[in-house]
K.L.:
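Right, I'll just put the structure down here and ask away after.
When reading the values below, keep in mind they use all heavy atoms of this one structure, side chains included, and skip hydrogens, waters and symmetry mates. All chains are named by letter (A, B, ...) in the order of the sequence lines, taking the proteins before the strands, and each is independently numbered beginning at 1. Quick caveat: nothing in here was measured; it's all calculated off a predicted structure.
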Amino acid sequence: MSHTIVTGVIGADTHIVGNRILSMALEDAGYRVVSLGALTPAADFIRAAIETAADAILVSSLYGQGELDCRGFRDLCIEAGLDDILLYVGGNLVVGKQPWDAVERRFLDMGFDRAFPPGTRVEAALSALAADFAARDAAAGVTSAASRLP
Amino acid sequence: MSAALLIDFGSTWTKLRAVDVDTGALIGTSQGPSTVATDINIGLDAALATLARAMHGLPSFVVRLASSSAAGGLRMVTVGLVRELTAEAARQAALGAGAKLVGEFAYRLTAADVARVDALAPDIVLLCGGTDGGNRDVILHNADALARCSVQCPVVVAGNREATDAIQTLLSGAGRTAIATANVLPALDALDIEPARAAIRDVFMQRIVHAKGIDRAGAAVDRVLMPTPAAVLDGARLLAEGVAGREGLGSLVVVDPGGATTDVHSIGAGEPSTPGVIRYGLPEPYAKRTVEGDLGMRHNATAIVAAVGLDVLAGRAGITTADARTALARIEADVEAVPSTDAETRLDDALVRAAVDIAMGRHAGTVETVYTAQGPVQMQRGKDLSNVQWLIGTGGAIVHARDPGSVLRIVCADPATPAQLRPRAPRLAIDADYLLYAAGLLAQVDPGAAFDCARNHLRIVD
């Protein structure tokens with residue numbers, strides 16, 4: 001059974017190209033992708049994840065307002081019963097030149113499982129997903145991680 | 001000449017239309033009371049007797065088809081998962097099937113919800129939830145909850161296909177009738193309500209008609225095909241699309257202000273009419289029906305007054321507020337009343353204008369400007385009806401209005417509210433002979449005659 005992943009660009013952000021490339025790469029890797037596209041409110045990620053029983057939400061933000069848009073995202077998930085859903089965020093998450101370590105820390109504190117800096121290649125996201133799903137499946141007592149690979 | 005008889009068993013009236021299927025001409029109309037509470041044949045026989053007098057004897061009908069909104073209409077309860085997603089898709093499917101929605105539920109049904117379903121006593125439950133391959137826990141939970149209801153009505157199952165087999169086993173095991181059909185929302189960007197609509201109509205035809213005693217008219221009627229609102233929607237669709245050899249009217253909107261509700265039907269894709277606009281939200285049904293349960297010319301006149309304000313309404317009607325209050329009191333005292341004074345006629349006119357105006361505002365999509373770092377972006381929710389080619393009024397309140405054209409113009413786009421995507425410059429017409437339902441029924445056996453009948457009897461009012 002393959003995993004289902006919700007993708008989209010959060011907030012009033014129209015930068016769709018990178019997100020589309022990511023969504024295509026995820027599909028090629030065998031995932032079921034629910035692509036919400038640009039200008040997606042946080043609540044729509046949650047609604048889509050509930051209805052499609054998604055295993056992960058990948059949030060893109062390219063216009064520097066990600067920190068505002070993503071505030072409380074994990075809390076929304078918990079409120080909707082998606083306590084353990086895997087949450088990634090990536091892109092130009094903040095305005096100006098800030099050290100990545102500090103930016104990453106801030107988003108991890110917000111409840112994201114991973115944050116990715118600008119210029120991340122899709123391969124990095126794919127291998128992170130594979131590792132995280134494998135770890136979760138092992139923890140959940142699924143016999144072999146390999147059998148759950150997409 | 002071969003003639004078809006088209007019957008509408010309504011909540012108040014049994015209406016008959018006789019159509020010459022060779023020419024599509026309307027050859028007779030009549031009505032009798034609705035007597036489904038006692039014996040549906042009493043009202044039907046009365047209507048047939050009137051028709052026979054008007055036509056100097058009844059022709060031998062080659063086909064006799066009926067729709068029904070009698071005995072409370074097709075009362076439905078819908079159940080979905082996320083309110084804005086599968087619960088909304090379920091709503092669209094039920095309304096498109098001509099149902100009267102009496103209850104809508106989302107997420108997991110609770111014990112209190114089950115009790116409410118029992119209290120509502122629906123004719124059919126539409127059970128949805130989960131995209132295909134998506135969530136299956138909630139629809140299974142809800143099937144289990146419905147199996148515990150004491151109401152024994154059939155359940156149409158149109159959710160995550162991976163859960164369908166288990167649900168059928170579960171419901172059948174509980175002695176319930178479960179009819180499985182395709183998911184109303186197989187993916188978030190794909191609305192697929194036609195299979196559910198067809199399944200609901202089948203259940204209506206095979207079970208509900210009997211349960212409501214409508215099939216007692218069996219000797220005089222070949223088939224009771226669908227709920228009347230579904231027949232009107234089919235008639236509208238036929239007019240828009242045309243049939244082989246007869247060009248349709250193109251995209252259109254039908255407004256139908258009734259005694260208890262105001263219905264709006266739109267046929268068309270509703271794609272953005274201006275380039276660069278981004279569509280947002282669930283995909284929209286090509287043939288869409290909305291029902292405003294709070295906007296009725298008689299049973300809900302008070303609600304219209306509450307929405308608009310009695311002073312404003314009286315001002316529009318050109319009567320004093322005191323006269324408007326008196327006229328409103330008469331409507332409230334007797335919902336069957338027809339206007340007898342000038343003030344009552346004027347108030348009725350103002351009421352119908354307010355009803356169609358508000359109903360269209362809710363049916364039409366909206367466009368909103370969102371300011372982004374890259375500049376303003378236009379986002380559209382719902383259907384863009386700006387370029388709709390025809391706007392058709394049906395129902396007595398419009399057809400008998402002093403100036404039906406001006407009532408329909410209220411429905412059109414208003415520069416003062418540019419966010420509402422209403423028809424900009426449609427042709428205006430009225431279904432003066434109340435033939436849309438008849439065309440929807442006749443289309444099942446003779447689409448050409450049905451189209452000619454509906455098209456040729458439209459009265460242009462622009």
K.L.:
Taking side chain as everything from C-beta outward and backbone as N, CA, C, O, which of these in Tyr280(B) sits under 4.5 Å from a heavy atom of chain A? Side chain, backbone, both or neither.
P.N.:
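Contact with chain A involves the side chain of Tyr280(B) alone.
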K.L.:
Answer with side chain, backbone, both or neither: which region of Arg47(A) has an atom nearer than 4.5 Å to a non-hydrogen atom of chain B?
P.N.:
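When you check distances to chain B, atoms from both the backbone and side chain of Arg47(A) fall under 4.5 Å.
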K.L.:
Among residues 109-117 of chain B, which residues come closer than 4.5 Å to chain A, judged by heavy atom distances?
P.N.:
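Hits under 4.5 Å: none found.
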K.L.:
Name the member of Thr86(B), Val370(B), Val138(B), Asp137(B) that forms the most heavy-atom pairs with chain A at distances under 4.5 Å.
P.N.:
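Of Thr86(B), Val370(B), Val138(B), Asp137(B), Thr86(B) has the most heavy-atom pairs under 4.5 Å with chain A.
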K.L.:
Do the non-hydrogen side-chain atoms of Phe73(A) and Ile10(A) ever get within less than 4.5 Å of each other?
P.N.:
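In contact.
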K.L.:
Nearest 0.5 Å, what's the CD-CE distance between Gln420(B) and Met360(B)?
P.N.:
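The CE atom of Met360(B) is 9.0 Å from CD of Gln420(B), to the nearest 0.5 Å.
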K.L.:
At what distance, to the nearest 0.5 angstrom, does CD1 of Ile139(B) lie from CG of Leu146(B)?
P.N.:
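Going from CD1 on Ile139(B) over to CG on Leu146(B), the span is 9.5 Å.
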K.L.:
side-chain contact (heavy atoms from CB on, under 4.5 Å) for Ser386(B) and Arg422(B)? Distances and angles first, verdict last.
P.N.:
CA-CA 5 Å; Ser386(B) 308; Arg422(B) 301 176 180 226; over 6 Å; no
K.L.:
Where along residues 178-192 of chain B does a heavy atom come under 4.5 Å of chain A, listed by residue number?
P.N.:
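Contacts with chain A: Leu188(B).
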K.L.:
Once rounded to the nearest 0.5 Å, what's the spacing between atom OH of Tyr63(A) and atom CG of Asn92(A)?
P.N.:
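These two atoms lie 12.0 Å from each other.
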K.L.:
Could you check which of Ile46(A), Asp13(A), Asp44(A), Val34(A) has the highest count of heavy-atom pairs closer than 4.5 Å to chain B?
P.N.:
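Winner by heavy-atom pair count: Asp44(A).
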K.L.:
Is the side chain of Glu51(A) donor-acceptor paired with the backbone N or O of Val82(B) at a distance under 3.5 Å, no angle test?
P.N.:
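Side chain of Glu51(A) to backbone of Val82(B), a donor-acceptor pair under 3.5 Å: yes, one is there.
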K.L.:
Count the heavy-atom pairs under 4.5 Å between each of Gly37(A), Ala48(A), Ser35(A), Gly11(A) and chain B, then report the option with the highest count.
P.N.:
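The residue among Gly37(A), Ala48(A), Ser35(A), Gly11(A) with the greatest pair count is Ala48(A).
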K.L.:
So Arg106(A) and Val94(A), do their side chains get closer than 4.5 Å, heavy atoms only?
P.N.:
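They are in side-chain contact.
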K.L.:
Step through it carefully: locate the ring centre of Phe112(A), locate the ring centre of Tyr88(A), and say whether they are under 6.0 Å apart.
P.N.:
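Not close enough - the centres of the two rings lie 6.0 Å or further apart.
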K.L.:
Taking all atoms of both residues into account, what is the closest heavy-atom pair of His15(A) and Val9(A), and its distance?
P.N.:
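For His15(A) and Val9(A), the tightest heavy-atom pair comes out as O-CG2, 3.4 Å.
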K.L.:
Can you tell me how far apart OH (Tyr31(A)) and NE2 (His3(A)) are? Round to the nearest 0.5 Å.
P.N.:
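Atom-to-atom, Tyr31(A):OH and His3(A):NE2 are 7.5 Å apart.
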K.L.:
Mark yes when over 12 heavy atoms from residues, nucleotides or ligands other than Arg161(B) sit less than 6.0 Å from its CZ; otherwise mark no.
P.N.:
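Check fails, neighbour count at 12 or below.
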K.L.:
Should we say atom CZ of Arg20(A) is surrounded by more than 12 heavy atoms from elsewhere, each under 6.0 Å from it?
P.N.:
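Atom CZ in Arg20(A) is not packed in, count stays at 12 or less.
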K.L.:
Give me the contact list for residues 122-130 of chain B versus chain A, heavy atoms only, anything under 4.5 Å, ordered by residue number.
P.N.:
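Residues in range: Gly129(B), Gly130(B).
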K.L.:
Please report the interatomic distance CZ(Arg74(A)) to CG(Asp109(A)), rounded to the nearest 0.5 Å.
P.N.:
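Spacing of CZ (Arg74(A)) from CG (Asp109(A)) equals 13.0 Å.
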K.L.:
CG/Leu58(A) to CG/Leu129(A) distance, rounded to the nearest 0.5 angstrom?
P.N.:
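Separation between the atoms: 5.5 Å.
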K.L.:
Report which part of Asn160(B) has an atom under 4.5 Å of a heavy atom belonging to chain A: side chain, backbone, both, or neither.
P.N.:
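For Asn160(B), no heavy atom lies under 4.5 Å from chain A.
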K.L.:
Might you confirm whether atom CD of Glu79(A) has over 12 heavy atoms from other residues, nucleotides or ligands at distances under 6.0 Å?
P.N.:
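It does not: Glu79(A) CD has 12 such atoms or fewer within range.
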K.L.:
Return each pair, listed once, that meets salt bridge (charged side-chain N to carboxylate O under 4.0 Å, His left out) where at least one residue sits in residues 98-107 of chain B; pairs must be two or more places apart or across chains.
P.N.:
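Of all non-adjacent pairs touching residues 98-107 of chain B, those that pass salt bridge (charged side-chain N to carboxylate O under 4.0 Å, His left out) are Arg91(B)-Glu104(B).
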